[in-house]
Every structure is written in structure tokens, then in C-alpha cells.
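Data block below; observations after.
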Amino acid sequence: MKIKGLGLFSEIMGISPLNKSLKETKIALMGAEDVPSSKFDLSSLKQLHPKISPKLWFGKPYLEKTVIISNLFNHTPTPIENGWSVAKTQTRDFRGKSLAYNSHNAIDFAITVGTKVCTAAPGVVLKIHREFNRGGLKIHIDHGYGLITGYVHLAKSLVKVGEKVKRGQVIALSGYSGLDGASTFPFGIPHVHFNTWLNGKPTEAFAFENNISLWREDNMPKSTNSYESDFAPSIFNEDKINLALSYCITKSSVDRINSIQNITYKAIELLVEMNYYPTRFTKFVNIYDKEYPRKSLLDLPFLAEDFNDVVFLDEI
């Protein structure tokens with residue numbers, strides 16, 4: 001399979017290098033000393049959508065110019081020490097419905113493979129990395145105010161670490177990289193898994209329980225035509241970074257993070273570790289200079305010329 005702007009199937013799924021992917025698959029399925037194995041059961045099959053998915057895989061929209069939200073942030077997650085769970089046994093999204101799975105802590109934007117992915121607000125690229133067992137190719141961007149967005153399951157990055165990006169700037173092409181896509185092809189829905197981390201922790205982007213929305217307009221993500229670039233980078237506290245590392249039980253992770261001299265890159269490496277491998281830490285520490293409040297900063301991370309509507313999967 002080849003999509004315009006992308007290479008073959010292996011790039012879309014992020015399988016290469018194969019030896020590394022197989023090693024990381026083993027961690028997902030069997031766990032490791034400091035990482036519990038992933039959990040799934042028959043309810044996980046509800047993530048498969050044979051009516052919608054094949055079209056998106058082959059670059060054909062299911063609904064014209066419409067982004068489908070296929071999963072929301074789950075507000076009743078199972079304990080992370082039990083393992084990352086893709087079962088649908090304990091779910092409640094911000095609407096009080098169940099468009100999520102047990103461990104889902106982001107928003108899944110279902111779009112065609114090869115879609116241009118944009119930054120949701122002005123910021124700076126802090127990290128680009130690839131882990132087959134943790135969402136494939138990912139980009140993390142700091143927007144200031146203690147807010148980081150993550151763009152996951154990408155096929156190709158079009159930016160570099162340290163690059164300042166404008167709101168709505170194209171940063172990647174979408175795919176469905178990682179174990180999720182490879183194991184569910186062609187019935188798993190290709191999507192961008194969109195993380196919002198505030199003060200270092202995953203947070204709901206929609207308004208909920210009297211909290212304000214992180215979206216700029218009407219508590220729904222909308223595409224933007226504005227390209228402002230001004231922002232103030234977040235500030236990290238070195239003492240708090242060292243304190244957080246003191247709670248890490250995995251020596252190899254501590255050594256790797258401590259080897260980074262730049263405090264900002266050291267901080268994002270630590271944040272990624274705490275969020276993707278939380279069982280490696282006995283306690284969470286906010287490593288920013290202060291506790292930041294929620295702020296409406298974000299737009300839909302796609303071009304306005306490509307999409308003019310957003311719908312929930314369970315409402316179509």
C-alpha cells in the first residue's frame with residue numbers, strides 16, 4: 001500500500017526497524033520488570049470498525065471534510081499498575097457516555113492515512129521519537145502555560161526538535177504507526193491520538209466538571225486559518241526534576257535522563273517517561289515552575305481547507 005506523500009506499508013505502520021519493533025511488541029504483550037503487560041479481552045473488539053476503517057486506510061474519507069472522534073478521554077480508568085488496558089469494561093467520557101477504552105487518556109481523531117497534521121497552537125517542538133509498543137511515531141510540542149500536546153501514530157515528521165512552529169503549521173503526515181495499527185489492520189480506525197498534558201499530566205481537553213475547555217471555540221475543536229506564532233515557553237524547575245528522578249525505580253531511565261544537559265530537553269524526556277511508563281515511578285512530581293491553570297489555547301490539529309466539521313463516532 002502506498003499513499004501520496006508516504007512510502008510503503010512499513011512507513012505508515014512504523015514497523016521498521018523490524019528487530020526493534022519485535023522487541024517492543026514483546027514488552028507490550030508480556031511486560032517487563034518495570035512495565036506490566038497490556039490488557040485486552042473480547043470487549044476490545046469493539047475498537048474494530050469494518051465499515052469505516054478500510055476507507056481511511058486507503059486514503060478515502062468516510063465523511064467528506066469531516067473528522068470523526070473515535071475515542072475520548074476516559075474518566076474512569078482502571079489502575080495503571082494493572083497494565084495498559086484496551087478493554088472497554090470501565091469507561092465514561094466527558095459527556096457521560098462510553099466513547100473510550102479503559103486506559104485511554106487522549107482524543108482519537110480518525111482521518112485518512114496521509115492527512116496533513118498541524119500544530120494545535122504556537123509552540124516549540126521538544127521531542128520526536130518512535131516506540132512501536134507506545135504509539136509509533138510521536139511529536140511533542142510545548143505551548144507554554146504548562147501545556148504540551150502530543151501527536152501520536154504518525155507516519156512522517158515534517159519538523160525537527162527545537163523548531164518553533166506557528167498555529168496551524170503542518171508538522172507531519174498521519175498514518176497508524178505502532179502496534180495498535182499493525183495488529184488491527186484493516187479494521188482498526190487510523191487516527192491521530194492527540195495528547196494534552198497540563199502540568200505534566202494527561203488532562204481532558206473538553207470542558208468537564210466546571211473546568212474550562214482547552215479548545216478556543218465552543219468546547220469543540222475547530223480548524224483555524226490563523227497562523228500566529230508568539231508564545232512564551234514553559235519554565236521547568238531543576239530541583240523538581242531531580243526530585244522526580246529520585247522516585248524513578250528504573251536505573252537505566254535515570255541514567256539516560258540525567259545524561260541530558262539542557263534542562264528543557266531533560267524535562268521533556270522525564271515527562272515522556274512518566275506518562276508512557278508511569279509504573280517506573282513511585283510518585284508523581286510537577287516539574288514546572290508552578291501549577292498552571294487551564295487555558296483555552298487549542299484548535300483542531302488539521303488544515304481548515306481539509307476539514308470543516310467534527311463528529312463523534314457514536315453519533316453517526
Side-chain angles (χ1 to χ4, degrees), residues 14 17 20-21 23-24 27-28 32-36 80 84 103 105-106 119-121 123-154 157-165 171-172 177-179 193-203 231-292:
K20 182 174 183 288
S21 296
K23 189 176 183 180
E24 291 170 345
I27 294 174
E33 183 179 357
D34 53 2
V35 182
I80 196 62
W84 182 264
S103 294
N105 56 10
T119 182
V124 61
V125 179
L126 293 188
K127 187 173 175 64
I128 302 171
H129 58 126
R130 185 188 301 273
E131 291 174 296
F132 197 66
N133 60 316
R134 290 291 191 268
L137 178 62
K138 303 175 281 290
I139 297 175
H140 295 278
I141 296 177
D142 171 42
H143 303 288
Y145 305 102
L147 180 64
I148 287 174
T149 54
Y151 310 75
V152 182
H153 297 313
L154 305 173
S157 171
L158 301 176
V159 290
K160 61 183 184 295
V161 171
E163 182 174 344
K164 291 184 178 179
V165 289
I171 59 171
S177 61
L179 180 59
H193 176 94
F194 182 74
N195 283 112
T196 47
W197 296 348
L198 182 64
N199 298 308
K201 284 186 174 182
T203 190
F231 88 106
S234 296
I235 300 174
F236 298 100
N237 182 293
E238 190 167 9
D239 289 337
K240 291 181 179 179
I241 289 174
N242 292 331
L243 178 61
L245 282 170
S246 74
Y247 292 115
C248 182
I249 64 173
T250 305
K251 185 178 184 303
S252 60
S253 296
V254 175
D255 291 345
R256 172 171 47 81
I257 295 169
N258 269 330
S259 70
I260 301 171
Q261 299 303 310
N262 181 289
I263 187 173
T264 299
Y265 295 143
K266 186 174 185 178
I268 186 60
E269 195 73 18
L270 177 56
L271 288 175
V272 166
E273 194 81 2
M274 288 194 293
N275 280 284
Y276 284 98
Y277 298 98
T279 52
R280 291 177 176 171
F281 295 82
T282 59
K283 186 176 181 179
F284 173 82
V285 176
N286 176 4
I287 63 174
Y288 289 90
D289 61 329
K290 63 181 179 180
E291 189 82 9
Y292 286 88

Between [X] (side chain) and [Y] (backbone), is there a donor-acceptor pair under 3.5 Å?
X      : Y      : value
Lys240 : Tyr288 : yes
Thr203 : Thr196 : no
His143 : Ile148 : no
Ser157 : Ala172 : no
Asn275 : Gly200 : yes
Arg134 : Tyr276 : yes
Asn199 : Asn286 : no
Lys138 : Gly136 : yes
Ser21  : Phe132 : no

Asp142 and Ile268: CA distance, side-chain angles, deciding distance, side chain to side chain contact (heavy atoms under 4.5 Å, CB included) verdict: CA-CA 9 Å; Asp142 171 42; Ile268 186 60; over 6 Å; no
For [X] and [Y], which heavy atoms make the closest approach, and how far apart are they?
X      : Y      : result
Ser177 : Leu137 : OG-N, 3.0 Å
Cys248 : Phe281 : CB-CE2, 3.6 Å
Glu273 : Ser253 : OE2-OG, 2.5 Å
Val152 : Gly135 : CG1-O, 3.2 Å
Leu198 : Tyr292 : CD2-O, 4.0 Å
Phe236 : Ile241 : CB-CD1, 4.3 Å

Stepwise side chain to side chain contact (heavy atoms under 4.5 Å, CB included) test for Phe284 and Met274: CA-CA 8 Å; Phe284 173 82; Met274 288 194 293; 4.1 Å; yes
Interatomic distance, Asp34 atom CG to Ser252 atom OG [nearest 0.5 angstrom]: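 These two atoms lie 7.0 Å from each other.
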Side chain to side chain contact (heavy atoms under 4.5 Å, CB included) evaluation trace for Asn105 with Trp84: CA-CA 11 Å; Asn105 56 10; Trp84 182 264; 3.9 Å; yes
Presence of salt bridge, Lys266 and Glu238, under 4.0 angstrom: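 No.
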Audit row: Ile141, Val125, side chain to side chain contact (heavy atoms under 4.5 Å, CB included) steps and yes/no: CA-CA 4 Å; Ile141 296 177; Val125 179; 4.2 Å; yes
